[in-house]
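Note on naming: letters A, B, ... go to the chains in the order of the sequence lines (proteins, then strands), and numbering restarts at 1 for each one.
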Amino acid sequence: MSETPHRYTAELAGQIETAWQDRWEAQGTYHAPNPAGPWADPEAVGRFDDHLLVLDMFPYPSGAGLHVGHPLGYIATDVFARFNRMTGRNVLHCLGYDAFGLPAEQYAVQTGQHPRKTTEDNIVIMARQLRRLGLGHDDRRAIRTIDPDYYRWTQWIFQQIWNAWYDTEAVRPDGGTGQARPIAELEAQFEAGERVLPQEYAGRAWADLTNAEQGHVLDGFRLAYASEAPVNWAPGLGTVLSNEEITNDGRSEVGNYPVFRTNLRQWMMRITAYADRLADDLDRVDWPDKVKTMQRNWIGRSQGARVDFATPAGEAISVFTTRPDTLFGATFMVLAPEHPLVPALTTDAWPADIPAVWTGGAATPGEAIAAYQLAAARKSDVERQMEDKTKTGVFTGSYATSPVDGRQVPVFIADYVLMGYGTGAIMAVPCGDQRDFEFATEFELPIIDIIAPRDAGDWPGTVAEGKAFTGDGVMVNSANDTLDLNGLPVAESKAAMIAWLEERGLGEGTINYRMRDWLFSRQRYWGEPFPIVFDEDGRAHAVPDSQLPVELPEVPDYSPKTFDPEDASSSPEPPLARAEDWVNVELDLGDGRGVQRYRRETNTMPQWAGSCWYYLRYLDPANMQALVDAANEDYWMGPRSTPVEGAPAGVRDPGGVDLYVGGVEHAVLHLLYARFWHKVLYDLGHLSSEEPFRRYFSQGYIQAYAFRDERGQAVPAAEVEEQGEGESASFTWQGQPVAREYGKMGKSLKNIVTPDDMYEQYGADTFRVYEMSMGPLEQSKPWETRAIVGSQRFLQRLWRNVVDEETGEVRVVETAVDADTERVMHRTIAAVREDYASLGFNTAVARLIEFNNALTKLDAVPREAAETLVKMVGPVAPHIAEELWSRLGHTESVVYAPFPEADETKLVEETVTCVIQIKGKVRDRVEVSPSITEDELRELALARDKVKAATEAGVRTVIVRAPRLVNVVPA
RNA sequence: GCGCAAGUGGCGGAAUUGGCAGACGCGCAGGAUUUAGGUUCCUGUGCCCUCGGGCGUGCGGGUUCAAGUCCCGCCUUGCGCACCA
């Protein structure tokens, strides 16, 4: 038997932790009351001063289980949530599962096991791992996207979006312009003749259109629409992907398969309608600048003009330019190889007197164009990246007409112009654009300088300089009979040019976006079915609310048909298409048409669908009448009275989740999609908040070292031994040298450390404290298992300060706290409060350790000091805090105990150390009263021996910053 | 190439507004307790030193009585974007 049977060991910690976890669960300790809805408890809500919604990114329940990196953010939000509970807030914190997803489906394909089974098994494992961490989650709200009660609302939201159009003219209640509105209102406008029909139906009245034609018109406006468009097709995955899911080198983010552009009929979300608001409203949320920038770049808004160049083919070439001011310098045009006008512009024979390089060595333009198009199509994006950026292209044989001066400019095709951006065609201004300059040089094209640097008398011109001039300057060579830009600066010239073009119908000022609409359908089994059916004419109809959810059918085979990853000519075949009985149905949609035969949509929604809005369901998960009761949404997420820090003056607060913590890998995808859906729901009147995430904090990652032997094989990191230190350190495994690398934790790297290992060896509280003390939350940092003992020692000392290790008796004394300890205590309270509130958990833990160490040095710990410390430890190490709190004689949980408040009057020191510097170097120290005056301190300092010795030649100046510093500068 | 962030002991990291660089922890060294190991406790721990002091926050300049912190120029690493018209 050990001499210290009541020592805080991993084993005892484990007993304490699981016991408290059971108690919390049984008592519903973390249930947050709602003001309305099925759980309405306004009385309980009324007992709180304020409310707080804390959110973690929605986890996917991976079969691999968690490693020690995963809980970092969950612990951080838990500490923050617990701290806020202790300051009197009604805190909503919970976690559900983003449970649709590719891995479960792929596993199902391999094993024949239903993905639901795999997914649910994984959730059980993950839930156990997370529960053991002691997170203060409201377990009633642990929703799962795969549950029909949940995806019923995912489908409902889809309907809302499908049944809406974007009215760019509408004025919102918040004063902004542009709003989603029900499609029925658009139909009414057409019916009443208030809105002109699209060009296709020009001259006809709404009533004269057939049903199908009316449907077609409306489909052109819906925010969710099916369209035949170029999409990213990954034959190896058997599905199409959104632009956001494609890596820089043109492969799938999942699985790294080649992706091809193919024309397919697919569901799209009209996210581009929201481009401006998505960009502008970033100003109103508190997010890292880095993430805001990434979203702005993705949206890629640029201001410029559309300009038309007449061509012999009849149809003009329309280009987008951000520099309409440079139109006089346009000396040629370039179309993307896939541009639709290319065939019409390709002439039968080369014009006379053209440089040989224009022809690409071909006998006719047709041959040259065909060869170039083929080469461009064959090149994957990867190959385009790898090649050096020498400009290539061929001449079409045609000339376009410059709208400003009638010059004939040759039209080329070249792969440096992308079909996917702008209009897929550019006017090339070699003097002002480096790419155009390079092309012009390569193809012996004229270069006209139309902008000169300001005050540059002897500027030799761009040709002499060998590069385009892209700086600010003044216009030259830019005039015709009715427009003279010469001498004007850039900004004025742009405005003048746009006005001139618009007057003549040659172009117009416009805004272009890089962002495209969001491809929303996938050819997979394990996702939400679309609540859409097609009638025998092929028209899409929404399944009415009353018939939701449209549940996933059972199928014999979960896999979409996959193909040779390189087979670009293949096309998708979704697994649901094989469920014939499910696909072909007779339904009464309640639209007056009675029972009809329909075919169900066989694509499913992407994984983003369920994760786009889960935070709303957290607010009211049991509500069967609405996705969230309006009062609950308003309570938890409604706009706050003051805008976030850093928001421009005068903006309204958009509301949203008070704190969202998660990795930056979702900066564009999830965070953008969720914002889009949220804004649609706001526009349609379902929400009071305009943004989903009022404050987003991007956490760092916990990384790890991995070791490889000389053959490059990973060896178990836990068994590697280190020799030496610093730069001369070397590593061996079983005596053989191994090389260290730094990066992710992964099975194949043999460096995974799991939370379960840590619970077993140290306990959950120790693990929590360690993760929080490793460094700032936003920083990535390496995991080092051996350092965790520091956190264990801290909790052991804390335990020992309260509990006798031999007898198990509480050993605090009922005496008053001495003045020194009291000062340390109040200083700790002040610092820890501030640190917890600002997510500075590493420094909070450091303060707690300092205070605990101070108590350790006392002969006996006074109750007040112990209780204060226990309360402050509560957020970061909740189990030991509860246990000590209870042993100290409290019957109520410490979870809602008021957080200690610092007494200002107790913070003041009796004396402070004043540093005496001579010429800025510390040369002496003296204890002084904190209230010493500047004059007193100056005299005191000048009287010191060291100062006298240094100032024999006199004093030049003395800087006094009472009471902490005096700096004497000798003459 | 463009943009952003970061470089502090052997390691992770601390340092309101410019005002004692290295809090706290790991590791390491020494001591006490212990048969021993472990544990626990105490002491020390930036580098150099002739023990007066000198030098130190990626590098080089600058501003200042005073710079990790501000300014200019570089270097390195990480992240994002990348022929975006």
Side-chain angles (χ1 to χ4, degrees), chain A residues 2-4 7 9 248 288-294 296-298 300-302 304 319-323 326 333-334 336 384-385 387 389-391 414-418 420-429 432-436 438-439 512-514 664-665 667-668 698 722 724-729 769-770 773-776 778-791 793-794 796-797 800 805 831 834 840 842-850 852-853 856-857 913-925 956-961 964-970:
Chain A
S2 137
E3 289 170 63
T4 52
R7 185 172 173 66
T9 58
N248 283 338
D289 285 338
K290 174 193 165 78
V291 177
K292 289 188 182 183
T293 306
M294 282 167 72
R296 287 202 185 95
N297 288 344
W298 183 261
R301 173 166 58 189
S302 50
V319 302
F320 172 75
T321 174
T322 55
R323 296 296 302 275
T326 63
M333 302 192 76
V334 186
R384 279 202 200 182
Q385 297 287 327
E387 275 170 28
K389 307 236 163 130
T390 307
K391 296 288 177 287
D415 64 3
Y416 83 93
V417 172
L418 310 172
Y421 184 78
T423 62
I426 61 161
M427 64 174 206
V429 183
D433 183 292
Q434 187 57 28
R435 295 157 302 176
D436 297 344
E438 285 164 19
F439 192 90
N512 189 56
Y513 302 91
R514 198 189 85 114
V664 75
E665 73 269 24
V668 172
S698 151
E722 181 173 358
E725 54 188 28
E727 284 184 14
S728 63
V769 170
Y770 178 58
S773 64
M774 286 174 76
E778 67 271 26
Q779 233 170 71
S780 288
K781 49 238 157 185
W783 177 261
E784 193 183 7
T785 299
R786 69 176 178 181
I788 193 174
V789 295
S791 302
R793 287 176 192 154
F794 162 51
Q796 283 179 332
R797 278 198 293 271
R800 206 158 41 234
E805 287 190 336
E834 211 182 298
N842 54 329
T843 47
V845 171
R847 302 287 177 203
L848 293 172
I849 292 172
E850 275 182 311
N852 188 50
N853 288 348
T856 305
K857 288 188 171 65
T913 307
C914 176
V915 173
I916 297 173
Q917 298 181 334
I918 291 164
K919 242 183 125 187
K921 303 223 178 228
V922 179
R923 281 297 121 96
D924 201 5
R925 271 168 214 190
R956 184 145 71 107
T957 179
V958 182
I959 284 112
V960 184
R961 292 282 178 275
R964 296 231 109 101
L965 178 130
V966 179
N967 189 7
V968 180
V969 186

Exercise. Check whether the side chain of A:Arg964 and the base of B:rC20 form a donor-acceptor pair under 3.5 Å.
Key: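 A donor-acceptor contact between them is absent.
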Between [N] and [M], how far apart are the two [atom1] atoms, rounded to whole Å?
N      : M      : atom1 : answer
B:rC75 : B:rG58 : C1'   : 7 Å
B:rA82 : B:rA6  : C1'   : 22 Å
B:rU63 : B:rG68 : P     : 16 Å
B:rG56 : B:rA21 : C1'   : 9 Å
B:rC26 : B:rU40 : P     : 10 Å
B:rC71 : B:rA5  : P     : 12 Å
B:rA66 : B:rG18 : P     : 15 Å
B:rC20 : B:rU69 : C1'   : 15 Å

Quiz item: Would a 4.5 Å heavy-atom cut-off, applied to side chains only, mark A:Met427 and A:Thr326 as touching?
Solution: yes
Practice problem: Please check if atom CZ in A:Arg296 has more than 12 non-hydrogen atoms from other residues, nucleotides or ligands closer than 6.0 Å. | Solution: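 Yes, because the 6.0 Å sphere around CZ of A:Arg296 holds more than 12 heavy atoms from other groups.
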Check the interface with nucleotides 78-80 of chain B: list each N/O to N/O pair with the protein under 3.5 Å, or write none.
residue, atom, partner, partner atom, Å
B:rC79, O2', A:Lys290, NZ, 2.6

Quiz item: Which stems does RNA chain B form, counting runs of 3 or more consecutive Watson-Crick or G-U wobble pairs with both distances under 3.5 Å?
Solution: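 As far as RNA chain B goes, consecutive pairing (with distances under 3.5 Å) yields the stems B:1-7 with B:75-81, B:10-12 with B:24-26, B:27-32 with B:40-45, B:46-48 with B:53-55, B:58-62 with B:70-74.
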Separation of [X] atom [atom1] from [N] atom [atom2], in whole Å?
X        : N      : atom1 : atom2 : answer
A:Lys857 : B:rU40 : NZ    : P     : 15 Å
A:Leu418 : B:rC81 : CG    : C1'   : 14 Å
A:Asp289 : B:rA6  : CG    : P     : 11 Å
A:Phe794 : B:rA23 : CZ    : C1'   : 15 Å
A:Leu848 : B:rA23 : CG    : C1'   : 14 Å
A:Glu778 : B:rG13 : CD    : P     : 11 Å
A:Lys781 : B:rG7  : NZ    : P     : 14 Å
A:Arg323 : B:rA85 : CZ    : P     : 11 Å

Self-check item: Listed partners of A:Glu778 passing side-chain hydrogen bond (donor to acceptor under 3.5 Å, both in side chains), at least two apart
Solution: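 With sequence neighbours excluded, A:Glu778 shows a side-chain hydrogen bond (donor to acceptor under 3.5 Å, both in side chains) to no residue whatsoever.
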Practice problem: Could you list the residues that satisfy side-chain hydrogen bond (donor to acceptor under 3.5 Å, both in side chains) with A:Gln434, not counting sequence neighbours? | Solution: A:Glu438
Out of [options], whichever nucleotide has its closest atom nearest the side chain of [X]:
X        : options                : value
A:Asn842 : B:rA85, B:rG13, B:rA21 : B:rG13
A:Thr843 : B:rC20, B:rC42, B:rA15 : B:rA15
A:Lys391 : B:rC55, B:rA82, B:rC83 : B:rC83
A:Arg923 : B:rG54, B:rC81, B:rC20 : B:rG54
A:Pro776 : B:rC55, B:rG13, B:rC83 : B:rG13
A:Arg925 : B:rA82, B:rC20, B:rA85 : B:rC20

Quiz prompt | Distance test, side-chain N/O of A:Arg296 to OP1/OP2 of B:rC81, below 4.0 Å | solution = no
Quiz prompt | Below 4.0 Å: OP1/OP2 of B:rA6 and any side-chain N or O of A:Gln779 | solution = no
Practice problem: Not counting sequence neighbours, which residues clear salt bridge (Lys or Arg N to Asp or Glu O under 4.0 Å) with A:Glu850? List them please. | Solution: A:Arg847
Quiz item: Under the salt bridge (Lys or Arg N to Asp or Glu O under 4.0 Å) test, which residues partner A:Glu784, sequence neighbours left out?
Solution: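 With sequence neighbours excluded, A:Glu784 shows a salt bridge (Lys or Arg N to Asp or Glu O under 4.0 Å) to A:Arg786, given in chain and number order.
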Exercise. Name the orientation class of the two ring planes belonging to A:Tyr416 and A:Phe439 (parallel below 30°, tilted from 30 to 60°, perpendicular beyond 60°).
Key: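 Tilted.
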List the residues meeting side chain to side chain contact (heavy atoms under 4.5 Å, CB included) with [X], not counting sequence neighbours, and say none if there are none.
X        : result
A:Lys781 : A:Leu72, A:Met774
A:Arg301 : A:Asp276, A:Ala279, A:Asp280, A:Ile511, A:Tyr513
A:Ala336 : A:Glu338, A:Val417, A:Met419
A:Val291 : A:Trp287, A:Pro288, A:Val664, A:Ala667, A:Leu671, A:Tyr696

Practice problem: With heavy atoms under 4.0 Å as the rule, sort A:Thr322 into base, sugar-phosphate or nothing. | Solution: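 Answer is sugar-phosphate: A:Thr322 comes under 4.0 Å of backbone atoms only.
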Exercise. Evaluate the criterion side chain to side chain contact (heavy atoms under 4.5 Å, CB included) for residue pair A:Tyr770 and A:Val845; output intermediate values, then yes/no.
Key: CA-CA 9 Å; A:Tyr770 178 58; A:Val845 171; over 6 Å; no
Could you give the distance from [atom1] ([X]) to [atom2] ([Y]), rounded to the nearest 0.5 Å?
X        : Y        : atom1 : atom2 : result
A:Arg956 : A:Lys919 : CZ    : NZ    : 8.0 Å
A:Glu834 : A:Thr843 : CD    : OG1   : 9.0 Å
A:Ile959 : A:Asn967 : CD1   : CG    : 5.0 Å
A:Thr785 : A:Ile788 : OG1   : CD1   : 7.0 Å

Could you list, one pair per line, each protein nitrogen or oxygen that sits under 3.5 Å from a nitrogen or oxygen of nucleotides 64-69 of chain B, together with the distance?
residue, atom, partner, partner atom, Å
B:rC65, O2', A:Asn967, ND2, 3.3
B:rC65, O2, A:Asn967, ND2, 2.3

Exercise. Decide, for B:rG46, between syn and anti: a glycosidic angle within 90° of 0 counts as syn, anything else as anti.
Key: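 What B:rG46 shows is an anti base, its glycosidic angle lying more than 90° from 0.
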Quiz item: Is the base of B:rG52 syn or anti, if syn means a glycosidic angle within 90° of 0?
Solution: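 Syn conformation here, the glycosidic angle of B:rG52 being no more than 90° from 0.
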Quiz prompt | RNA chain B: 5'-proximal contact among A:Gly775 and A:Phe320 (nearest heavy atom) | solution =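 Result of the comparison: A:Gly775.
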Quiz item: So which one's nearest nucleotide on RNA chain B is more toward 5', A:Val922 or A:Gly420?
Solution: A:Val922
What protein N or O atoms touch nucleotides 24-26 of chain B N or O atoms at under 3.5 angstrom, if any, and at what distances?
residue, atom, partner, partner atom, Å
B:rG25, OP1, A:Asn853, ND2, 3.1
B:rC26, OP1, A:Arg793, NH1, 2.6

Quiz prompt | Heavy-atom pair with the smallest gap, counting every atom of A:Gly422 and A:Phe320 | solution =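 Answer, listing the atom of A:Gly422 first, then A:Phe320: CA-CB, 4.4 Å.
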